[in-house]
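These values consider heavy atoms only, across backbone and side chains, with no hydrogens, waters or symmetry-generated copies. Just so we're on the same page: letters track the sequence lines, and every chain starts at 1.
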Amino acid sequence: MSRFFLTTAIDYANGDPHLGHAYEKMGADAIARYRRLQGDDVWFLIGMDEHGQKVAQTAAEQGIAPADLAESLAQRFQAMWRRLGITHDQFIRTTTDAHRSGVQELIERIFERNPDDFYERAYSGWYCVGCEAFKQDAEIADGHCVLHPTRTLEWVEETNWFFRLSRYQQFLQDLHRDQPEFLQPDSRRNEILGLLEQGLEDISASRARLTWGVPFPRPVSSGERQITYVWFDALPNYWTATRFPDSRAEWPAQLHVIGKDITRFHAVIWPAMLEAAGLPLPERVWAHGFVQYRGERFSKSAGARLDLAEAIDRFGPDAFRYFLLREVPWDNDGNFSWERFEERYTAELADGLGNLAARSLTMLAKYRDGAVPAGNATELDQQGLAAIERYVAAMDRLDLRAGADVAWELVTAANLFVQQHAPWSLAKAGRNAELDNVLGALARCLYRLSLLTSPFLPDTSQVLFEAVGASGEAASARWDTLLDPPVGGARSSVPAILFPKPETVS
RNA sequence: GGCAGGGUAGCUCAGCUGGUUAGAGCACGGCACUCAUAAUGCCGGGGUCGCGGGUUCGAGUCCCGCCCCUGCUACCA
């Protein structure tokens with residue numbers, strides 16, 4: 001049994017959870033569930049980034065304290081993750097004392113081990129008083145902040161702490177060249193290699209004008225105390241999480257699941273920080289793509305057009321998880337559309353897995369009164385074992401879609417198996433031994449499917465598991481039971497329809 | 001602009017080092033079956049493989065040019 005510590009990006013406490021947030025959590029959760037099935041000792045970390053000027057501003061607009069805004073959003077995010085069946089073990093919040101002290105400790109470690117890595121330097125730029133933040137060229141139009149066109153931008157200089165990121169260029173180039181598995185998929189790795197070719201600039205580690213964040217542990221030479229800038233506040237959460245009193249996480253993490261937009265921070269800045277602090281690097285960073293809606297990326301505004309809670313309610317959390325993980329490739333962008341959702345729901349869930357379960361379990365009830373016969377191994381068992389191998393290969397390389405594909409190929413194989421053996425004919429002819437073989441094989445196949453589908457359809461998986469007469473939790477079943485599912489002699493039952501057709505619903 | 005990756009059936013995509021009539025799933029049309037959520041199985045229609053050249057006995061697969069799409073091009077979480 002090996003440890004598997006995985007994380008997702010912490011979500012910014014500046015708005016409600018939307019499809020983009022949910023997609024990442026569902027994918028990471030599928031991986032967590034798969035690793036547990038494999039017998040790993042999993043620790044799954046999720047959380048929220050609650051500092052920064054935007055949070056302070058949004059809170060001010062709402063007339064509440066930043067801490068209250070963070071608290072209310074943390075509740076909303078956690079409620080959403082419960083609704084989706086996300087099985088995280090820890091929910092970190094960057095405003096907690098443990099995180100704040102952890103950040104300061106990490107910074108001190110760098111000061112101690114590599115004193116030259118932090119230095120004071122003037123940072124200058126166009127400062128918008130309305131935003132209380134420095135603006136980049138892209139955010140400036142006609143010499144004014146695009147969000148506050150009536151205000152005047154000021155050219156401001158401040159002295160703050162810088163981190164000597166440039167010193168780690170060679171280290172990072174070696175890392176990405178020698179360990180291609182560190183950052184996946186390859187498309188993202190290539191981008192980072194290209195970026196590194198251009199050379200690295202040092203980055204701010206503190207800011208004078210920030211108000212809402214972790215105090216930087218050392219003052220600048222003028223004596224002023226500043227606030228830790230985003231990189232050194234947010235990224236360390238993966239490490240500080242392991243130091244919470246109630247955490248069983250152990251550094252380093254095996255996997256960071258992130259969105260492709262923050263690849264650079266995780267593939268460049270974070271490894272450099274860890275190296276500077278003398279800490280081991282995470283084993284792997286996976287940058288997933290985005291779910292698009294009518295060709296546009298999900299964001300706060302797009303979230304308003306597709307309400308996440310309503311989308312989940314339409315077919316339920318299992319179907320929602322399944323659809324997104326099967327429709328959107330985990331290494332690239334994909335599209336969300338109700339048309340595709342309905343197609344997949346009908347073809348794959350209702351007519352595919354759902355109907356296979358219904359016909360198999362009904363025949364067990366009708367012909368054997370629910371007593372699952374042992375029977376001999378059949379070609380369906382062979383196909384099941386072959387599917388398991390391909391499933392493991394796909395899931396181990398984090399190809400969630402391919403993993404689901406394998407499970408549904410087994411569904412197709414089982415339907416063909418039923419058609420070819422026509423159990424109804426065997427029953428009429430009184431060919432009982434043959435009928436036992438067929439029904440036993442179907443029960444074992446459903447057992448296998450219940451485990452293979454559990455990362456995608458956790459609730460349905462459990463229903464299926466119990467329906468074939470297995471006892472306990474599908475989620476904690478031993479993986480080796482897939483070789484010879486322990487259902488012979490068990491009592492099966494016919495559950496309610498797993499995936500009702502839309503017209504049946506209303 | 002530079003770098004990277006793509007443009008293959010209505011849709012989503014496979015097609016390794018060039019080689020028999022270009023494949024899968026979904027959708028669509030017909031047939032069979034009845035255990036099942038009119039579900040399942042079988043058969044079938046459907047593609048100038050972005051455009052134009054070139055190399056070759058032979059190119060979706062290699063080379064050149066062009067068109068289009070996507071990503072990256074650092075202080076946004």
TODO: Determine, for A:Trp338 and A:Arg314, whether the Lys NZ or Arg CZ falls below 6.0 Å from the six-membered ring centre while staying within 45 degrees of the axis.
DONE: yes

Task: Interatomic distance at C1', B:A24 relative to B:G15, whole Å - done: 10 Å

Task: Cation-pi, A:Tyr119 ring and A:Arg164 (6.0 angstrom, 45 degrees) - done: yes

Open item on the list: In this structure, how many angstroms lie between the P atom of B:G25 and the CD atom of A:Glu348, rounded?
Closed with: 12 Å

Task: Distance in angstrom units between A:Phe336 CZ and B:C11 P, rounded - done: 20 Å

TODO: Find the distance A:Glu409:CD to B:G25:C1' and express it as a whole number of Å.
DONE: 10 Å

- [ ] Would you mind checking if A:Asp318 and A:Arg321 are paired as a salt bridge, meaning a charged N to carboxylate O distance below 4.0 Å?
- [x] no

Task: Side chain of A:Ala347 - closest among B:C26, B:U37, B:A32 - done: B:C26

- [ ] Assign A:Gly194 to base, sugar-phosphate, or nothing according to its heavy-atom contacts below 4.0 angstrom with the strands shown.
- [x] nothing

Open item on the list: From the set B:A74, B:U12, B:U34, return the single nucleotide nearest to any side-chain atom of A:Leu165.
Closed with: B:A74

- [ ] Considering non-hydrogen atoms only, spot the tightest contact between A:Asp202 and A:Leu165 and give its length.
- [x] OD1-N, 3.1 Å

Task: Pair assignment for B:C49, Watson-Crick or G-U wobble, requiring both distances under 3.5 Å - done: none

Task: Span that lies between the P atom of B:U55 and that of B:C72, in whole angstrom - done: 40 Å

Open item on the list: Classify A:Gly47 by what it touches in the nucleic acid, base, sugar-phosphate, or nothing, heavy-atom distance under 4.0 Å.
Closed with: nothing

Task: Spacing of A:Arg401 atom CZ relative to B:A14 atom P, expressed in whole Å - done: 8 Å

Open item on the list: At 4.0 Å (heavy atoms only), tell me whether A:Ile269 reaches a base, stays on the sugar-phosphate, or touches nothing.
Closed with: nothing

Open item on the list: Would you measure the distance from the C1' atom in B:C43 across to the matching atom in B:G54 and give it in whole Å?
Closed with: 43 Å

- [ ] Please measure how far the P atom in B:U37 lies from the corresponding atom in B:U21, and state the result in whole Å.
- [x] 46 Å

- [ ] Using both distances under 3.5 Å as the test, list the Watson-Crick or G-U wobble partner of B:G10, or none.
- [x] B:C26

Open item on the list: If I pick the C1' atom on B:C13 and the same atom on B:A9, what distance separates them, to the nearest angstrom?
Closed with: 11 Å

- [ ] Can you tell me, in whole Å, how much space there is between the C1' of B:U8 and that of B:G23?
- [x] 10 Å

Open item on the list: Looking at A:Arg100 and A:Asp233, is any side-chain nitrogen of the basic one under 4.0 Å from a carboxylate oxygen of the acidic one?
Closed with: no

Open item on the list: Using the side-chain heavy atoms of A:Gln198, tell me which of these nucleotides is nearest: B:U73, B:U37, B:G41.
Closed with: B:U73

Task: Side chain of A:Glu191 (C-beta onward), nearest among B:U37, B:C35, B:C72 - done: B:C72

- [ ] To the nearest Å, give me how far apart CG (A:Asn332) and P (B:U12) are.
- [x] 13 Å

Task: Nucleotide opposite B:C31 in a Watson-Crick or G-U pair, distances under 3.5 Å - done: B:G41

- [ ] Flag the pair A:Asp11 and A:Lys25 as a salt bridge only when some basic side-chain nitrogen lies within less than 4.0 angstrom of an acidic carboxylate oxygen.
- [x] yes

Open item on the list: Can you identify which nucleotide, out of B:C26, B:A4, B:U40, has its nearest atom closest to the A:Asn415 side chain?
Closed with: B:U40

- [ ] Could you give the distance separating B:C62 and B:G18 at their P atoms, to the nearest angstrom?
- [x] 8 Å

TODO: Would you indicate what A:Gln420 reaches in the nucleic acid, counting non-hydrogen atoms under 4.0 angstrom: base, sugar-phosphate, or nothing?
DONE: nothing

TODO: Select base, sugar-phosphate, or nothing to describe what A:Asn355 touches, counting heavy atoms under 4.0 Å on all strands.
DONE: base

Open item on the list: Any strand counts, and the cut-off is 3.5 Å on both contacts for Watson-Crick or G-U wobble. Which nucleotide pairs with B:A74?
Closed with: none

TODO: For A:Ser204, answer base if it contacts any base atom (sugar-phosphate contacts may also be present), sugar-phosphate if it contacts only those atoms, and nothing otherwise; contact means non-hydrogen atoms under 4.0 Å.
DONE: base

Open item on the list: Tell me whether the side-chain N/O atoms of A:Lys501 come closer than 4.0 Å to OP1 or OP2 in B:A39.
Closed with: yes

Open item on the list: Counting only Watson-Crick pairs (N1-N3 plus N6-O4 or O6-N4) and G-U wobbles (N1-O2, O6-N3), all under 3.5 Å, who is the partner of B:U61?
Closed with: none

Open item on the list: Base, sugar-phosphate or nothing for A:Leu426? Non-hydrogen atoms, less than 4.0 Å.
Closed with: nothing

- [ ] Could you check which of B:A36, B:U73, B:G41 has an atom nearest any side-chain atom of A:Arg264?
- [x] B:U73

- [ ] Indicate, with a heavy-atom threshold strictly under 4.0 Å, whether A:Asp202 touches base, sugar-phosphate, or nothing.
- [x] base

- [ ] Could you state the atom-to-atom distance from CG of A:Leu193 to C1' of B:U73 in whole Å?
- [x] 14 Å

Task: Atom-pair distance (CZ on A:Phe341; P on B:A27), nearest Å - done: 16 Å

Open item on the list: Taking the nucleotide of RNA chain B with the nearest heavy atom to each, does A:Glu201 or A:Arg188 sit closer to the 5' end?
Closed with: A:Arg188

- [ ] Both distances under 3.5 Å, Watson-Crick or G-U wobble: report the partner of B:U55, or none.
- [x] none

- [ ] Nearest whole angstrom, please: distance from the C1' of B:A39 to the CG of A:Leu416.
- [x] 15 Å

Open item on the list: How close do A:Leu73 and A:Gly15 get, counting heavy atoms only, and between which atoms?
Closed with: CD2-O, 3.5 Å

- [ ] Provide the distance between the two C1' atoms, one in B:C69 and one in B:C63, to the nearest whole Å.
- [x] 23 Å

Open item on the list: Among B:U37, B:C42, B:C35, which nucleotide has an atom closest to any side-chain atom of A:Val418?
Closed with: B:C35

Task: First of A:Phe499 and A:Pro329 reached from the 5' end of RNA chain B, by closest nucleotide - done: A:Pro329

- [ ] For the residue pair A:Phe336 and A:Phe320, categorise the inter-ring angle as parallel (less than 30°), tilted (30 to 60°) or perpendicular (more than 60°).
- [x] tilted

TODO: Identify the nucleotide, in any strand shown, that forms a Watson-Crick or G-U wobble pair with B:G18, with both distances under 3.5 Å; if there is none, say none.
DONE: none

Task: Given B:A27, B:G71, B:A74, the nucleotide with the shortest approach to the side chain of A:Leu200 - done: B:A74

Open item on the list: Strictly below 4.0 Å, N to O, side chains only: are A:Glu191 and A:Lys260 in salt-bridge contact?
Closed with: no

